[in-house]
Amino acid sequence: MDARPTSRPDTRWSQTDESSCERLGDLAASAFAKEGPVPDAREWAEIEAKLGRRLGRPPMRRLWPLLGVATLLLACAGVWLASAWTLGYRAQGCISAPDGSLQAPGGGAITFSDGSRVELVAGARVRVRPVSFARGADLSLKGGGARLDIVHRTGARWAVLAGPFHIAVTGTRFDVHWSPQQGRMRISMLAGEVRVSGGPLAHALALRAGQTMLADRNQPTVRISNDFPNERPADGASEQPPSHNEKIPAPAPAPALAPSPHAPASLARTRAARPRSTEPKTQASIRRQRIAPPTLATEEPATNSATPAPIQETNPLRRPGSTVPTPLPPRSVASSQPAPSPSPAASPRSHAEMSEQGRPGPRPVAIANDGQLSGGMTGFAWLARGSATTLSLPATHAEHLPLRPTDGQLCTSGTIAGLACVNEGTPQIRCNWDRNWGVAIGFDVRADHGAWGDASPGSLAVEFHGWSGNYRLLAHRKGDPMNKIYCIDNYHSGQTVQASMFKSQCWAGTGASLPSFAEVDSFNLMFPSRMDYVAFHYCVSAVKLYP
Amino acid sequence: MLVASSTMPAPTEPLTPVPAEPEAPEVALVRAARAGDRRACFLIWSRYAALVQRMVARFLGPGPDYEDVRQEVFLRVFKRLGEVRNPKALQGFVVSVTLGVARNEVRRRRTRGIVGLVPETALPEATALPGQGEAREAVRALYQMLDTLSPEDRSLFLTRFVEKMELTEVAAAHGMSLSTAKRRLARVVARVDARLRANPILKEYVGRMEHGRGP
């Protein structure tokens, strides 16, 4: 029997209603339910070319290939577009001086859209003039010290001006200090090579990793020493510089990160307050995060929990066989922080030392397989991400569910698209931080989402390891709006922190302090977004609470 | 037990000197694109490309890849960004431009005399629909029927019944008042209904849906 109706009265259709239109609409929607192939870079290139022609501008060159993966597609498109534009930068902890330079009263950092970074010592002043994304920028150091980490790119030609001295940079990492009052400049090479000219130099002088130059504009010669304790250059070159080695009254070169005699006393304190990750100091290691997410290399496991673990970076860009220097000693307590011990000026101490001095030991928080915490906390671990963060680990994760540990660690990896900013290159720069903020591994202190209360610790530490970057520790007070947080910028693994160290504007080093942990209902370790596209990977291995 | 704090407190990180409230992303994006910031234009394109692609495909129906139509949409969006009064309603603006371009394409096709001719190979897969063959026939018939509507009626039908927009959204997308949108939609429903009665394929398909015997 034919199941189809042979004849139906048309009474069904006698009344005009929308139900039939709804059915037809469902049919069309179902037929085209899929989004279809993601519009690719070629289509955007054609749009932009047409846009240029329509507006009377010359069409742009098509510089990029077709890509299959959507994430790589957008990243390469961003790179291609950026290459034709001015180099953007973002300044932290800096204020604008009347002459347009950037001042860092308490130390600051300037991050460029190509991944280059300049860290300013407290009191330093620098003028930034971006030239182009391809060419780089000119930096005029008006005074003070800075650490420059310039990404090496073909065609990049950065310039650093310090008084009469000109430093040509193609992709290097070095410290520079300039004292306009004394007319003295000091350059300490950490990696790569620069060429210094100007002042008393008759011609450009090459400086390589491991070398230090002391120069005085009032003296006819400069001093170059080779005993700066850093690894050899990647190419193993050990060519001696020209014989500009007439001694000038200057103290012996200092080891890495120690105060320079020409540097203000705040250098050491500032450096200790913002310790850099212990990334391998090879030429290749300067390239931190490239646009294309690197493959996940083998991670070095977290160290013994008795000693705080520095950030163990496995740089997938490290060339096989390259020398890896001994990591710098852990800096669990920086001298700028109110040290729990009665010797704040002493060198950083490990947790073991603190314990040995009679201070109660830490109370490690246990993470169960379902993500629930115990041992001073009863809440759950969680994972959250901004709108432009794509997770590859965990492969699938619903944000309303706990984050479960893997081999006892809470891990995440993925990529974060670069920030969308306007007014780049000016102090009025604005970016979409509120949506594209990065990724965070977090902890609710109580299962009922209440505040810590009487069970709160006096201080805490989070141990983690992962790729290098600026990690931020955040805390939220019960009852505060969700976007009101307290944070510690550039937090490093195992760093013991008290509530008062959390600031409401930690990126600027200012703001109100967190009164106590008693009011905190959750805290998290964040990997913030950046100007440029970045890949991330990190694992939290332990949380420790101190009375 | 559900875990709270799934929404991360987003830190505001303005630079100095700083106003208290950061600008809404859409406002900043539109302003930058108006100023000719190519990256802002790219961000707008990347944000709405998939939406435009889907709407164009649903509007025009089975056929070749409508890349030129999509490109035209964005070219007009960028050129007319100055007309956007409320940057936070950027998506609505993109939708209205998409509808306008799609209607123009329908008019162009009518002029070229290719209305109603849908190649077999151009029909969508419709793999989600059981009774695949009948569904494909119904889709073909549906778009042949839509081709007999005016571009404006087609646009109203598609936004209301395919894209499932609310009446207020339909009105805004077509630049008409709510009362006008209601009146014109009622007219569209009547016209579609009349065509439906005369189309045995569609009539049978809808009948099956109504009686629960369809997909």
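Residue numbering restarts at 1 for every chain, and letters A, B, ... go by the order of the sequence lines.
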Query raised in the report: Does NZ belonging to B:Lys182 count more than 12 external heavy atoms closer than 6.0 Å?
Result: no

**Report entry** More than 12 heavy atoms from other groups under 6.0 Å of CZ on B:Arg184
**Finding:** no

Requested in this report: Measure the CZ-OG distance between B:Arg195 and A:Ser20 for me, rounded to the nearest 0.5 Å.
Outcome: 13.0 Å

Query raised in the report: Out of curiosity, A:Ile47 CD1 to B:Trp45 CH2, how far, rounded to the nearest 0.5 Å?
Result: 6.0 Å

Requested in this report: Determine the minimum heavy-atom distance between B:Tyr143 and A:Ala28, stating which atoms define it.
Outcome: OH-CB, 3.7 Å

Query - Approximate separation, where rounding is to 0.5 Å, of A:Arg23 CZ and B:Phe161 CZ - result: 11.5 Å

Report summary line: One should read off an interatomic distance between A:Cys21 SG and B:Leu196 CG, to the nearest 0.5 angstrom, of 8.0 Å

**Report entry** Atom pair CD (A:Glu22) and CZ (B:Arg160), whose distance is rounded to the nearest 0.5 Å
**Finding:** 6.5 Å

Requested in this report: Name the member of B:Ala138, B:Ala194, B:Ala32, B:Ala57 that forms the most heavy-atom pairs with chain A at distances under 4.5 Å.
Outcome: B:Ala57

Query raised in the report: So how far is it from A:Asn432 CG to B:Leu29 CG, rounded to the nearest 0.5 Å?
Result: 8.5 Å

Query raised in the report: Looking at side-chain heavy atoms only, is the closest gap between A:Asp26 and B:Lys164 below 4.5 Å?
Result: yes

**Report entry** Side chains of B:Phe157 and A:Leu24 in contact at under 4.5 Å (non-hydrogen atoms)
**Finding:** yes

